[in-house]
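Proteins come first, then strands; the chains are lettered A, B, ... in the order of their sequence lines, and each starts at number 1. Keep in mind that this is a model prediction, so the values were computed, not measured.
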Amino acid sequence: MRGYIALRPSLLSGEVRCERLVGDALDAARRNRDLNAFLEVYEDAVERAARVDAKIAEGTAGPLAGMIVALKDNLLMRGRKCTCASRILEGFESLYDATAVARLLAADAIVIGRTNMDEFAMGSSGEHSAFGPVLNPRDRRRVPGGSSSGAAAAVAAGIVHAALGSDTGGSVRQPAAFTGIVGVKPGYGRISRYGLVAFASSLDQIGTLTTTVADAALLLDVISGPDPFDATTDPEPATRVTDDLERPLGAVRVGLPREFIEERLDESVHEALERAKDALRTIGTSIQVVSLPHLRYTIPVYTVVAMAEASSNLARYDGVRYGLRRTAATHTELYERTRNEGFGPEVKRRILVGTYVLSAGYVDAYYRKAQQVRALIAREFTDAFRTVDILLGPTTPSPAFFRGERLHDPLTMYLSDVFTASANLAGVPAMHLPVMDDLEGLPIGVQLFAPMRGEGLMFRVASALERTLRQSGR
Amino acid sequence: MNDSNGYEAVIGLEVHIQLTTRTKAFCGCSTRFGDAPNTNTCPVCLGYPGALPVANREMISMAIALGLATGCTIHHRSVFVRKHYFYPDLPKGYQISQYEDPICTDGTVDIELDDGTRKPVRIRRIHIEEDAGKSLHDIATETLIDLNRCGVPLLEIVTEPDLRTPAEAHAFLVLLRKIVTYLEICDGNMEEGSLRCDANVSVRPAGSREMRTKTEIKNLNSFRNVERALGYEIHRHAELLRQGESPESETLLWDAVRNLTVPLRGKEESPDYRYFPEPDLPPVVLDDAWIERVRAALPELPLARRDRFIANYGLSRYDADILTAEKPLADFFEHTVAGLKRRLPEDFKTACNWVTGDFTRMLRERKRPITDPPLSPAALAELLDMLIEGTISGKMAKQILEEAADTGVHPREIVGRSGAAQLTDEGFLSTLIDSVLRENEPSVRKYLGGRENVFGFFVGQVMKATQGRANPELVNRILREKLDERKKCHE
């Protein structure tokens, strides 16, 4: 499936009808069933497509009319099931639309299903799902990354134009990198988290997965902006990124953190970074090496903060009000049985670690210390953005790895987020952009970071980079 | 308790008050009490996935109001935290509360003891938190959960250990209840759980400054139970100390049926709440304008009002205490007094007697609250005016009060319509008295002969002829004049 914007003129002219697009998407989903990207496909999306076709004919269609979208299964859509790929939410049905989903629907996008993921967004390979692993459409032996694994696979396989995922430590950008598409994590507070099932509230942010930068911009503009139902949204209206996308860049200063280059990188990742630098120079930006010394603590800090918040956010799954319930003689036993059967091993591991780092006697050494270092990392980003406009870095240390390769080595698995999680700790916007394929045909790209509310410039740089790379025949 | 055996108690209180906000602390659900179970709920207070809390501004204003009323420092930045524990009526598995950075700290209130002396009690902190739901365990073998109360805003008020006797603890609670009802931030209803109290107590040799092992008593659901439980616990501690032992540091429950405390959990079993800042809520940031808006809207506080009642209306402390015990009663009194034509101290005393006496009784009999009386303060003032100017007698006033309460007709209209006004027409009364004297010539002679007690008989005859409506003072005066005149002639 080509990008949505490229298709839009033929959609608006009536040459291509939404009904056909949805039919094709449902067919593609069926053909790619082996990917295990979808947990549920909405066959009734065809009816909605007919309504959008009517609106297009009347000239009343919204800005995303006919965009075929998949939702990561931690985003709520009224009347639809939502499981977070966990047994514990067995049978759970959403009572309301997530704010981002409501905005998507109001703009006439068509949601065709909910996608598989690492359980409760905890994982970097798509293997931690209660409903089986997701395959990478670029190489079915390999993982698609995670936790927005099904969302990335669905976009990369051309089943949908776009997907909404969530990014707590890299869960949109890393699978985008492994599947060769564009993945955006906006700044914290730009998109309402209302209706996004929480993993780590201070890090979670809804993000977009698309094949082009322009589609991401269009989607982002629709779902951004303050929400009275989420007290952590930026109260200022979000500036649009679509309008200035093609505007000439002028003098942009790009910084490359020394700490990123010093990490162990695969040869091909290094090469992608060099190509991106070349392309950036071509479009007239200057590149300099900067230093954010505390970046080296990203993974330990992220692990402590994310797991602490996760242990708290997941306390509500107790079998009392919804989802799985294993009955027992006492309520304590009911919790134990329900949670023991409902949660998978990775979720349990994180709840245990999170509970530990918040416990009396340990909270100072772990949680508080982590928050202090987090504040330092955030300050270093702020400082860096005084000398440069954009930061550049790798997205992942390597291209997609083989399924099963890291499943029993959680520490190596956690290192998959080494370049991405700092943006969540600092709250700043970041995005992944594909650059090249390696010798084995695996996609590799780079990551751009911008200061808070700096999505506009980040998208302009990404768009120029995308154009230049395409011209050089990536 | 500075008892004769040389021991002294050190008491601190933790009081939870339920706020009367229209909606819950972090969602738009109603806070109404007594609705069908689980009807005032939504994804937020039910702890549904994806739902997020948003802090109620009215709740924050109420916390500021109580902080100002108790002399606290109001912090421009305070932080919500999550307090974790598992219980079926706590949907999220944590309670949103405040911990290290509460909204108010370091206040003082003056309690008044029975002998009239005042004693300052320091307030350590006031913080905002949300209530849990209710578990109903007694139905068959199942536990039923009602989450209507879940998410209703509470303020927790923690005192310093400044209280020394159960009576002081009682006085503090009475005062606090008065303050929160005056501020109209809590209805003060202990039976419905709007005001709950836990007490910390330790006992030491009198005069000592050391702090001994304390115990915490929970489940004190009435002021009387607070006093009784503290009395029991102080005695228990003192007995242990006397035997050279020391109480365990533990949490106890007050058993109001058996009148004793029962251990709930020891220090080692104390739960680890794993507090951390609530990431879903930004810190509460108050600007001066917000605090000043709340300050400007503060009502006069109970003690100040009582003192003003004594000074302005010449009332006794006893009367002023009764009138200011509840804000609506004090308001009603002041509105009544404002409507009076004559404004002498004796008139204020009359108004006080009526408001706290016949009027209150009338409300009780009709089961009407003072906030929704069948008779307005203006109407009561109208009635009292007629009483003060002598148009009606006290007895008639009581009847008119009843009638006005039942019919809603204004007191002056009732008097005018029924001709119930007192006969104060001197000419008419003079003629009537002349005829009474004429008809009772033998008695007149007895009177003139020195049997002065016959005077009362004549008054009775006049009252009988007027069905009791004649103004008694006037009748006395005219009768005295006429008989004195006859006496002169007789001589």
Can you check whether Ala360(A)'s main-chain N or O pairs, donor with acceptor, with Arg274(B)'s side chain at less than 3.5 Å? no

Taking the side chain from Arg321(A) and the backbone from Leu46(B), do they hold a donor-acceptor pair closer than 3.5 Å?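 Yes: the side chain of Arg321(A) pairs with the backbone of Leu46(B).
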
Angle class for the Tyr87(B)/His331(A) ring planes (parallel below 30°, perpendicular above 60°, tilted otherwise)?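 Rings of Tyr87(B) and His331(A): perpendicular, over 60°.
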
Under 4.5 Å to a heavy atom of chain B? For Leu89(A) that would be side chain

So which of Gly47(B), Pro277(B), Ala51(B), Pro282(B) has the biggest tally of heavy-atom pairs under 4.5 Å with chain A?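 Of the options given, most contacts go to Gly47(B).
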
For chain A, the option from Pro279(B), Pro43(B), Pro53(B) that forms the most heavy-atom pairs under 4.5 Å: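 Ranked by contacts with chain A, first place is Pro279(B).
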
With the side chain counted from C-beta on, respond yes when [X] and [Y] share a heavy-atom pair under 4.5 Å apart, and no when they do not.
X	Y	result
Tyr335(A)	Pro88(B)	yes
Pro91(B)	Val320(A)	no
Arg193(A)	Asp280(B)	yes

Could you go through the side-chain hydrogen bond (donor to acceptor under 3.5 Å, both in side chains) check for Tyr94(B) and Arg316(A) one step at a time? CA-CA 8 Å; Tyr94(B) 56 83; Arg316(A) 67 188 61 197; 3.1 Å; yes

Spatial distance of atom OG1 (Thr232(A)) from atom CG (Leu281(B)) [nearest 0.5 Å]: 9.0 Å

Rounded distance (nearest 0.5 Å) linking atom OG of Ser311(A) with atom NE2 of His84(B):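 Answer rounded to 0.5 Å: 6.0 Å.
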
Phe229(A), CZ atom: more than 12 neighbouring heavy atoms under 6.0 Å: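 Not buried by this count: 12 neighbours or fewer within 6.0 Å.
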
Under the side-chain contact (heavy atoms from CB on, under 4.5 Å) rule, what do Glu278(B) and Ser312(A) come out as? Steps first, then yes or no, please. CA-CA 10 Å; Glu278(B) 164 60 285; Ser312(A) 172; over 6 Å; no

So Tyr48(B) and Tyr96(A), ring-ring contact (aromatic ring centres under 6.0 Å, His included) or not? Walk me through it. CA-CA 10 Å; Tyr48(B) 264 53; Tyr96(A) 62 97; 8.1 Å; no

Please give me the minimum heavy-atom distance between Pro49(B) and Tyr317(A), naming the atom from each residue. CB-OH, 3.6 Å

